[in-house]
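Here's the structure, in structure tokens; my notes come after.
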Amino acid sequence: MDLFSPVSLGDLHLPNRVVMAPLTRLRSSADGVPGDLVAEHYAQRASLGLIISEGTFPSAESRAYPGQPGIVTDAQVEGWRRVAEAVHARGGRIVMQIMNGGRVSHTEITGTDRIVAPSAIAIEGEAHTPSGKVPFPVPHALTTEELATVRDEFVVAAKRAVNEAGLDGVEVHGANGYLLHEFLSPVSNQREDAYGGSPENRARFVVEVTRAVAEAVGAGRVGIRLSPMHNIQDVVETDIDDVKATYDALVDGIAPLGLAYLSILHSNPTGELVQDLRTRFGGPLVINSGFGRVTSRDEAVTLIEQSHADAVAVGRAAIANPDLVERWQGEHPENEPNPATFYAEGAEGYTDYPRLTA
Ligand SMILES: Cc1cc2nc3c(=O)[nH]c(=O)nc-3n(C[C@H](O)[C@H](O)[C@H](O)COP(=O)(O)O)c2cc1C
């Protein structure tokens, strides 16, 4: 297969297999509204096969960062409507990554009286709040009854994103140490109800959330992102047998839904763990090899040519090159991403990376 050939991920029809990975950039307002600058940033990248938005919070309590956008208030929905409109006007497609930050937050960031997690275990380290760095607080362990509320927040967010804001779909964020991922690891999940203990139990909540979202907006518009063994934000997954059992249970649970895609972040995309999950899933696989090395054209071309995945999620190269597909297709030189402006304010390092001149 050719990286630059079309592919369908469920109801999403991509002109090429270069997908913009979800990228938190913290350019939204204090009240979580993505503005014109955010719309311009995504619209500039409309020639990517698919844009996956930055992680977006479905409830005030689940916000992880100042400057992160939400999909809760009418103003936030309206902001996203303008983003979707701008991307569509330039011929692109955009899905929203719905992210509950779980315990990776602080009440000074959420403005609520608690932050939540599977178990009352704090992350070591410090949260970056508007007033500086403070130790991560001990989260409230969600009760069994409260899990239904958290699940429903994903559902309402997905409906608003698709039906009201007009995005093309949603991605359930089950990766990188945020709430859903916290359920998967026996280190961050020490629950004693049906959502903790065995691998099947730890996978249960992710399956239930994904199923509910798929039923609400149609499975063909829903993807999910997982990052087994990423070992980030104190979500520790080091026992390979347990990891396999947990992710097998998860993927067996979501496989019958007929989702648009499964997206996996793992340092060894061609290895047994990832490829076994792909087989179990049975649908399209989007791959990303993680933070260790910046995804390159060569890596992406090879992964698709050798049929290790159906599409490649590209992070930092898509930050630095609004016209990444054209550059990769023509084997043109690339702009270098500047990490100093990944989470900065304003247009610098956000909407001012130059395109190739004609
Ligand atoms: C600035 C930045 C923000 C990110 N934000 C998110 C996010 O919101 N959601 C997510 O799932 N991954 C996030 N990631 C991970 C990327 O999607 C991607 O997996 C990572 O950048 C590695 O791919 P690359 O080598 O192509 O950059 C982020 C990465 C970076 C560098």
Side-chain angles (χ1 to χ4, degrees), residues 3 17-28 32 34 38 41-42 45 48-58 62-71 94-102 104-105 128 170-182 206 223-233 235 261-269 274 285-304 309 311-321 324-325 327-328 334-345 348-350 353:
L3 182 65
R17 295 158 189 260
V18 188
V19 170
M20 181 172 170
L23 293 157
T24 291
R25 305 299 305 279
L26 309 182
R27 258 69 168 195
S28 293
V38 176
H41 169 75
Y42 285 117
R45 287 157 179 77
L48 282 135
L50 176 68
I51 293 170
I52 301 170
S53 83
E54 60 206 284
T56 302
F57 60 86
S62 62
R63 185 179 200 167
Y65 304 105
Q68 185 192 4
I71 182 77
I94 180 167
V95 304
M96 175 182 291
Q97 186 184 54
I98 304 177
M99 164 177 156
N100 184 311
V104 188
S105 193
H128 298 253
V170 295
E171 174 175 291
V172 174
H173 194 349
N176 298 351
Y178 299 102
L179 183 80
L180 295 183
H181 197 188
E182 290 160 12
V206 183
I224 181 171
R225 191 175 215 203
L226 304 173
S227 62
M229 306 188 96
H230 193 184
N231 296 322
I232 190 170
Q233 320 210 93
V235 170
Y261 65 87
L262 168 64
S263 173
I264 300 184
L265 182 161
H266 192 275
S267 58
N268 183 9
V274 173
L285 177 72
V286 178
I287 201 73
N288 178 270
S289 59
F291 293 80
R293 57 177 185 274
V294 175
T295 306
S296 65
R297 179 187 188 279
D298 279 359
E299 183 191 357
V301 164
T302 305
L303 284 167
I304 299 301
V312 178
V314 183
R316 287 161 288 186
I319 288 177
N321 297 277
L324 185 69
V325 174
R327 288 181 192 248
W328 277 7
E334 293 170 42
N335 302 320
E336 284 299 312
N338 175 12
T341 51
F342 283 177
Y343 305 113
E345 283 174 33
E348 191 193 348
Y350 190 54
Y353 284 105

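Just so it is clear, the values below take in all heavy atoms, side chains as well, and ignore hydrogens, waters and symmetry mates. Indexing begins at 1, ligand by ligand and atom by atom, following the structure's order.
Closest protein heavy atom to atom 15 (C) of ligand 1: Phe291 CZ, 3.3 Å. Looking only at heavy atoms of the protein, atom 4 (C) of ligand 1 is closest to Thr24 N, 3.4 Å. The protein atom (non-hydrogen) at minimum distance from atom 22 (C) of ligand 1 is Gly290 O, 3.1 Å. The protein heavy-atom contact nearest to atom 26 (O) of ligand 1 is Thr295 OG1, 2.6 Å. Protein heavy atom closest to atom 25 (O) of ligand 1, with residue, atom name and distance, is Arg316 NH2, 2.8 Å. Looking only at protein heavy atoms, the nearest one to atom 12 (N) of ligand 1 is Arg225 NH1, 2.9 Å. Of the protein's non-hydrogen atoms, the one nearest atom 18 (C) of ligand 1 is Asn288 OD1, 3.7 Å. Protein heavy atom nearest atom 9 (N) of ligand 1, with residue, atom name and distance: Gln97 OE1, 2.8 Å.
Listed by number with element, the atoms of ligand 1 under 4.0 Å from a non-hydrogen atom of Val314 are 26 (O). Per-residue contacts place Gly55 under 4.0 angstrom from the following atoms of ligand 1 (heavy atoms of the residue considered): 8 (O). Every atom of ligand 1 with a heavy atom of Ala21 under 4.0 Å away is listed here by number and element: 17 (O). Those atoms of ligand 1 that come under 4.0 Å of a heavy atom in Leu265, given as number and element, are 19 (O). Within the listing of ligand 1, atoms 25 (O) sit less than 4.0 angstrom from a heavy atom of Val294.
Both the sub-6.0 Å distance and the 45° axial angle are not jointly satisfied by Arg25 relative to the ring of Tyr350.
The two residues Pro337 and Arg316 have their closest heavy-atom pair at CB-O, 3.7 Å. Among all heavy-atom pairs drawn from Val294 and Glu299, the shortest one is O-OE1, 4.5 Å. The minimum heavy-atom distance linking Trp328 with Ala317 is given by the pair CZ2-CB, 4.1 Å. Nearest heavy-atom pair, Leu26 versus Thr24, reported as atom, atom and distance to 0.1 Å: CD2-CG2, 3.4 Å. The nearest pair of heavy atoms linking Pro228 to His266 is O-CD2, 3.2 Å.
Pro269 places none of its side-chain heavy atoms less than 4.5 Å from the side chain of Ile264. Annotation: side chain of Glu171 is in contact with side chain of Ser263 (closest heavy-atom distance under 4.5 Å).
The distance criterion of under 3.5 Å between nitrogen or oxygen atoms is not met by Tyr343 with respect to ligand 1. Considering backbone and side-chain N/O atoms, Arg293 comes within less than 3.5 Å of an N/O atom of ligand 1. Among the atoms of Pro22, some N or O lies under 3.5 angstrom from an N or O of ligand 1. Considering backbone and side-chain N/O of Glu54, none are found under 3.5 Å from N/O of ligand 1. Residue Gly315 has at least one nitrogen or oxygen atom sitting less than 3.5 Å from a nitrogen or oxygen atom of ligand 1, judged on distance alone.
Of the heavy atoms in Leu23, both backbone and side-chain atoms come closer than 4.0 Å to ligand 1.
The backbone N or O of Ala320 lies less than 3.5 Å from a partner atom in the side chain of Asn335, making a donor-acceptor pair. Listed for the Arg45 side chain is a donor-acceptor partner under 3.5 Å among the backbone atoms of Ile319. Using modelled atom types, one side-chain atom of Thr56 and one backbone atom of Glu54 make a donor-acceptor pair closer than 3.5 Å.
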Quiz item: Could you go step by step and tell me if Glu334 and Arg297 meet the salt bridge (Lys or Arg N to Asp or Glu O under 4.0 Å) rule?
Solution: CA-CA 10 Å; Glu334 293 170 42; Arg297 179 187 188 279; over 6 Å; no
